[in-house]
Amino acid sequence: MALKGKENKPGWIASINPWVLRIVNNPERLAFVLHRITGVLMALIIMAHIYVTGIPAHTGWEAWIEEIQNAHGITPVTLYFFFFAGIAWFHGLNGIRLLLVEFLGLCIGEPEKPKPPYIAPSLKGCQRKLLYLVFALWAILWILTGYILFVA
Amino acid sequence: MSFDPKAATKIPPKKVTFRIKRFNPEEDREWWEDYEVETYRGMTVLDALLKIKEEIDHTIVMRYSCRMGVCGSCGMTINGMPRLACQTQVAEVASDGKPVVTVEPLKNHPVMRDLLTDFTKFFDKHRRVKPYLLRKDVDERETGDYEYEMLPEEHYNIYEYTLCIACGLCYSACPVVASTDRFLGPQALAYVWRYVADPRDEAWKERLEMIDTDEGPFSCHYAASCSAVCPKMVDPGAAIQRLRSALIKYRLGLYKKKRISKKVGPMEEKKPRKDLPPEAKPVDGVDPWAKDQEPVKIPVEKLI
């Protein structure tokens, strides 16, 4: 009787768990994981946003507008905006990188002969710089958003 | 996979614990087992596993063959990263601070026993993409009387993809394959691009239309783990992006293969073999094929 092998698939949830596979020199995987998480969070936030913006239709717009306009300092509203901005900035910036790389085939380097230290062309050239630029811009824009919300 | 040139000069810890994930299909039981191995400089993980099998526990099951990174049989998840056991030095993955190496079977491949994985699905997908040259004229392909011209730069474009040894590491690292069985996987799609870009292949339209489904490059999310773990620097991640971009252009009517190479030939006919020169002929009385033959004394004048 032939023995049946055990399925060894980590699945969707485990595939975004950084402890299931620890691959070195692969920040693209981190970007993939963050892109998925921010995508799911944005979908949830948009649904909540539709619900919350529907509330003043029943309770009156004046109090609502006043609360939004006076949202300064650390309040639940500014904290919500701050986290939403972080999620949206990353998803948007990384989305632009993915559009360039995936749909236009840009920044993935040219085929080359293997030579030490054997790093694939798409992992070391323009694409990698673009990824680091995304992380840097994300940090700068998120800090700037926090400054505008909490300080300015 | 990036190569650490300093690893060869490192000395591994004297004793390293190998934590091996084991699986018994008869009992459907899975467990971790620890083995302590005395190491030496230059020892690979495969050497250590074979030492365990020879000296400590003969029941460990694994697959290996060439021991030099050519056959692609000994893919395993070593310290959480898919690697070839024969190319991974113990000094690379174990340190004096943490002299422990975990060895698991490759993810995304069904486990048959211990470290042995089943590659049936993987090779089924490989076969589905028709990994060979296709020409409209079947005869010219089958008879072998002709060859197809190819410029050096055209060969250079596909060279890195021809290095694939089908070890399954990219398939194991892919998060999309981990989620769905339908995705063809990085290895098969890299082969598709290798033939779409090859000027000797005439079936580029059929190949592009074949993969224009949810099995194809549109399911890839570019985590680039396939390129990061590839031991031969094949870069399947880039191949999938090139394929996707070509597919979009093809659907917009903007993609056309640059050139289809012409056949050259027929090749020179085989001429009858020339007679050997007199000095190369065997000495009388010596049969080179005879096994138990008495040594023949050859006169010196015959040798000079």
Side-chain angles (χ1 to χ4, degrees), chain A residues 1-36 39 94 97-125 127-128 131, chain B residues 1-5 23 25-26 28 30 77 79-82 105-113 116-118 156-161 163 172-181 217 220-225 227-238 240-242 244-246 248:
Chain A
M1 188 187 76
L3 289 165
K4 197 171 174 290
K6 180 176 72 74
E7 277 298 317
N8 193 24
K9 279 187 177 298
W12 185 86
I13 299 291
S15 73
I16 59 169
N17 178 353
W19 295 105
V20 170
L21 282 180
R22 298 186 294 282
I23 299 167
V24 295
N25 189 28
N26 191 206
E28 290 83 4
R29 180 106 179 184
L30 175 67
F32 157 77
V33 169
L34 287 174
H35 200 77
R36 284 218 152 172
N94 195 46
R97 177 184 76 93
L98 291 176
L99 281 175
L100 291 174
V101 173
E102 292 187 351
F103 290 93
L104 302 177
L106 299 174
C107 278
I108 43 176
E110 292 296 319
E112 62 178 53
K113 278 183 187 168
K115 51 182 181 288
Y118 301 112
I119 298 170
S122 71
L123 297 181
K124 61 185 174 189
Q127 188 277 128
R128 185 55 69 82
L131 180 65
Chain B
M1 183 165 57
S2 60
F3 166 73
D4 179 12
F23 171 65
E26 285 97 352
D28 196 19
E30 197 177 63
T77 309
N79 276 5
M81 179 164 166
L106 284 178
K107 304 257 189 257
N108 299 342
H109 299 274
V111 185
M112 300 307 284
R113 186 186 291 269
L116 179 71
T117 45
D118 180 9
Y156 193 68
N157 269 341
I158 61 160
Y159 175 67
E160 63 175 12
Y161 304 114
L163 299 175
S172 163
C174 178
V176 183
V177 177
S179 318
T180 171
D181 252 342
C220 169
H221 297 290
Y222 197 52
S225 301
S227 300
V229 300
C230 180
K232 294 286 163 189
M233 213 185 117
V234 171
D235 205 358
I240 297 173
Q241 308 327 310
R242 290 196 177 97
R244 173 159 29 200
S245 154
I248 293 168

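Chain letters run A, B, ... following the sequence lines, proteins first and then strands; every chain starts at 1.
Within the 4.5 angstrom heavy-atom criterion, only backbone atoms of K115(A) (N, CA, C, O) approach chain B. Heavy atoms closer than 4.5 Å to chain B are found in the side chain of R97(A), but not in its backbone. Both the backbone and the side chain of S225(B) come within less than 4.5 Å of a heavy atom in chain A. At a 4.5 Å heavy-atom cutoff, D118(B) makes no contact with chain A through either its backbone or its side chain. Interface residue E112(A): backbone and side-chain heavy atoms are both found under 4.5 Å from chain B. At a 4.5 Å heavy-atom cutoff, the contact between L104(A) and chain B is made by backbone atoms alone. At a 4.5 Å heavy-atom cutoff, V176(B) makes no contact with chain A through either its backbone or its side chain. Interface residue H221(B): backbone and side-chain heavy atoms are both found under 4.5 Å from chain A. Heavy atoms closer than 4.5 Å to chain A are found in both the backbone and the side chain of Y156(B).
In this structure, the separation between CG on L98(A) and CD on Q241(B) is 8.5 Å, given to the nearest 0.5 Å. Taken to the nearest 0.5 Å, the OH atom of Y222(B) stands 11.5 Å off from the CG atom of N94(A). In this structure, OG on S245(B) lies 7.5 Å from CG on L106(A), to the nearest 0.5 angstrom.
In terms of heavy atoms, M233(B) sits closest to P121(A) at CE-CD, 4.0 Å. Of all heavy-atom pairs spanning R242(B) and I108(A), the tightest one is CG-CD1, 3.6 Å. Taking all atoms of both residues into account, the shortest heavy-atom contact from L21(A) to S172(B) is CD1-O, 3.9 Å. In terms of heavy atoms, P175(B) sits closest to R29(A) at CD-NH1, 3.4 Å. The two residues A173(B) and I23(A) come nearest to each other via the heavy atoms CB-CD1, 3.9 Å. When all heavy atoms of P105(B) and N8(A) are compared, the pair lying nearest together is O-ND2, 4.0 Å.
Ranked by heavy-atom pairs under 4.5 Å with chain A, the list T180(B), I158(B), N79(B), V234(B) is led by N79(B). Chain A forms the most heavy-atom pairs under 4.5 Å with one residue out of D181(B), T77(B), D28(B), and that residue is D181(B).
With hydrogens and angles ignored, the 3.5 Å screen pairs a side-chain donor or acceptor of D235(B) with a backbone N or O of S122(A). No side-chain donor-acceptor contact under 3.5 Å links N157(B) to the backbone of P111(A).
Taking 4.5 Å as the limit, every side-chain heavy atom of Y118(A) sits out of range of all side-chain heavy atoms of P231(B).
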